[in-house]
Amino acid sequence: MNLPHPRLFHSAALLCLAALLLATACTPQPATPAAGTESSTRAETPTSSPTAAPSLAVDPSALAGLNLQVWHAFAGASYAQFTRQVELFNAVNEWGIIVHPVGYGDYLTLHEAVQSAITSGGLPQMVISLPEQALAWQQADLVADLQAYARDPLYGMPEQAWGDFPAAFLAGVGMPAQRSARYLYYNQTWAHELGFNTAPQTPDEFRQQACAANAAFKADDDLQNDGFGGWVVDTHWQSVYAWMLALGGNLVDGQEYTFRTDDNLAALEYLKNLYDDNCAWLSIDAAPYQAFAGRKALFVSGDLAEAQAASLAMSAVENDDTWTLIPFPGQDEPLAIAYGPDYIVLRASPEEQLAGWLFIRWLLSPENQALWVEATGLLPLRATVLDLVGPYAGASPQWAHAAADLDLLEPAPGLASWRKARYLLEDGLTYMFQAGLTLEQLPLVLDEMQSMAEELGNE
């Protein structure tokens, strides 16, 4: 099974949306079908903890010299840190387990390699993959259930450790390997000059501040800058999904997609009104940080991993404004969407599955997680890690502010078809803004999203 190339999928979906508005029916044709679905709701903290399973019937001596192959798609600092951690684990683990990492260039290539191995043989014992990819393998009964290992009285984690993981990080079928999130980059200095002393918490407050920034440009004599000031429109699926949830909508109910709802329509109308009123604007730059650094935008959206790029952009224009990262303002509370790969143990011998779990448990120790945070600048997977990275947090105030909001994070929809359906958000919102749709046409956008999502979910 192969994923369609994202650009091809995007182009097909945009053509369909355009055709719909011209009264021509159209559906996307992905290269291959998506796997089945699983239920998904907003993250909830478990109300009870499973009881410890009986100790696993594996002789520890059988782990000596056991080779554990792990496929992953880490890159950059994450690749380097994972390589160091593998080397250290191989040197110090008491069981004599030997981990052999195999890196792939990206998660699409990794997914294709696993799919090929399912057919031809040669699957690894572990894969570090995106949650929706693992859901497809779980449906095919290829994924080992880690609960027996995680709760084992001898090899598992202490019961109190489970409360250390944010609920959003435990929503997948494996254990979290890495998480980031998309936030709003917010210029606090400029906001104070505009009369706002706190970051927006609600959609109304966000609109007030974004529109005030635009009004400041309209007050000068330069007519060319009258569209600047507010939020730079961002159609990345994590931003769109965050806005949908924050504004009272949702895209999944159980195993069904729910694009076509009044709440989702209200969310689109909110964003379209921001744009129509010049409180949000489209930038032609590939990255919005130049507009942010140049005080053309009070808000831009970006991944936590991009904070360093924003800092460099500020320094390049000698802008010493104070800025931070905030979640998306919501009707109930602000939120952001956490996303990243999971540790997945594939079905193998009892010894190999236990070895995979022991490697995961070691990687997720607070001490190793602290090293991971300091190397990558991404979110801590456990709350106690914040106590171990004080100097790093002090030197990275934007990271510290984002990491302090772990309880506001939500997971992506837990559907195997989400690996394709997420592009519907990007395509629909891109078309909504670039084609100049009216408010009356927005239900058609949701109708087409719903139709495409249902087709993807049923394949």
Side-chain angles (χ1 to χ4, degrees), residues 182-236 239-240 242-244 246-248 265-302 310-311 313-314 316-331 333-336 398 401 429-430 432-442:
R182 204 163 183 84
Y183 295 92
L184 290 170
Y185 286 52
Y186 174 56
N187 188 320
Q188 295 164 292
T189 299
W190 187 12
H192 291 168
E193 293 173 6
L194 294 171
F196 303 100
N197 295 320
T198 59
Q201 297 290 307
T202 68
D204 286 343
E205 292 174 355
F206 179 83
R207 178 182 172 84
Q208 290 172 10
Q209 296 200 24
C211 293
N214 172 252
F217 280 98
K218 289 180 177 176
D220 64 24
D221 296 329
D222 184 359
L223 298 180
Q224 301 300 315
N225 65 11
D226 283 2
F228 296 151
W231 171 57
V232 172
V233 168
D234 173 33
T235 59
H236 188 283
S239 294
V240 180
W243 276 124
M244 288 283 196
L247 293 164
L265 177 59
L268 293 190
E269 289 173 343
Y270 171 86
L271 296 175
K272 186 62 166 58
N273 280 323
L274 278 178
Y275 178 75
D276 289 346
D277 294 339
N278 293 319
C279 305
W281 57 285
L282 293 169
S283 173
I284 61 173
D285 296 323
Y289 306 122
Q290 289 183 335
F292 188 67
R295 275 205 178 191
K296 293 181 179 179
L298 183 63
F299 303 95
V300 299
S301 311
S311 293
M314 297 287 280
V317 296
E318 299 181 349
N319 185 340
D320 60 359
D321 286 351
T322 299
W323 59 279
T324 191
L325 306 182
I326 63 172
F328 290 75
Q331 292 179 352
E333 62 180 0
L335 60 88
Q398 290 83 19
H401 198 261
L429 269 291
T430 297
M432 182 182 84
F433 287 112
Q434 292 185 353
L437 302 187
T438 65
L439 292 176
E440 291 73 22
Q441 291 174 306
L442 299 188

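What you see below is based on every heavy atom in this structure, not just the backbone, and it leaves out hydrogens, waters and symmetry mates.
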Q. With side chains defined as the heavy atoms from C-beta onward, is the minimum distance between Phe196 and Glu205 less than 4.5 Å?
A. no
Q | Minimum heavy-atom distance Ala212-Leu194, with the two atoms named | A | O-CD2, 4.0 Å
Q. Would you say Gln290 has more than 12 foreign heavy atoms packed within less than 6.0 Å of its CD?
A. no
**Q.** Validation row: Val233, Leu271 side chains within 4.5 angstrom (heavy atoms)
**A.** no
**Q.** Residues Asn214 and Asn278: side-chain donor-acceptor under 3.5 angstrom
**A.** no
Q.
Whether the side chain of Asp277 engages the backbone of Cys279 through a donor-acceptor N/O pair (distance < 3.5 Å, no angle test) should be reported.
A. no
Q) Which pair of non-hydrogen atoms, one from Ala336 and one from Pro327, has the smallest distance, and what is that distance? A) N-CB, 4.2 Å
Q.
For the CG atom of Leu274 and the CH2 atom of Trp281, what is their distance to the nearest 0.5 Å?
A. 14.5 Å
(Q) Please report whether the ring centroid of Phe328 lies less than 6.0 Å from that of Phe206. (A) no
Q. Can any side-chain N or O of Thr189 pair as donor or acceptor with the backbone N or O of Thr322 at less than 3.5 Å?
A. yes
Q) Rounded to the nearest 0.5 Å, what separation is found between the CD atom of Gln188 and the NE2 atom of His401? A) 7.0 Å
Q | Heavy-atom pair of closest approach, residues Ala313 and Ala293 | A | O-CB, 3.4 Å
Q: Give a yes or no answer on whether the side chain of Gln209 reaches the backbone of Thr198 with a donor-acceptor pair at less than 3.5 Å.
A: yes
Q) Looking only at heavy atoms, which two atoms of Phe217 and Asp226 are closest? And how far apart? A) O-OD1, 3.6 Å
**Q.** Approximate separation, where rounding is to 0.5 Å, of Trp243 CH2 and Leu184 CG
**A.** 5.5 Å
(Q) Side chains of Lys296 and Asn225, heavy atoms from C-beta outward: is any pair under 4.5 Å? (A) no
Q. Say you draw a straight line from CG of Leu298 to CH2 of Trp231; how long is it, rounded to the nearest 0.5 Å?
A. 13.0 Å
Q: Report the C-alpha separation of Leu282 and Tyr275 in whole Å, then their side-chain angles, then the decisive distance to 0.1 Å, and conclude whether the side-chain contact (heavy atoms from CB on, under 4.5 Å) test is met.
A: CA-CA 8 Å; Leu282 293 169; Tyr275 178 75; 3.7 Å; yes
Q. So do Val232 and Phe299 actually touch side chain to side chain, heavy atoms under 4.5 Å?
A. no
**Q.** Side-chain heavy atoms of Met314 within contact of Phe292, under 4.5 Å
**A.** yes
Q) Any side-chain heavy atom of Asp234 sitting closer than 4.5 Å to one from Val300? A) no
Q.
I need the minimum non-hydrogen distance between Pro288 and Ser301, along with the two atoms involved.
A. CG-O, 3.9 Å
**Q.** Trp323 backbone acceptor or donor facing Gln398 side chain under 3.5 Å
**A.** yes
Q. Which value, rounded to the nearest 0.5 Å, describes the distance between Leu247 atom CG and Leu265 atom CG?
A. 12.0 Å
Q.
Applying side-chain contact (heavy atoms from CB on, under 4.5 Å) to Thr202 and Gln331, what does each step give before you reach the verdict?
A. CA-CA 6 Å; Thr202 68; Gln331 292 179 352; over 6 Å; no
Q | Tyr183 side chain reached by Ser239 side chain, heavy atoms, under 4.5 Å | A | no
Q. Can you tell if the side chain of Lys272 reaches within under 4.5 Å of the side chain of Leu268, non-hydrogen atoms only?
A. no
Q. Where do Ala213 and Gly230 come nearest, in terms of heavy atoms and distance?
A. CB-N, 4.2 Å
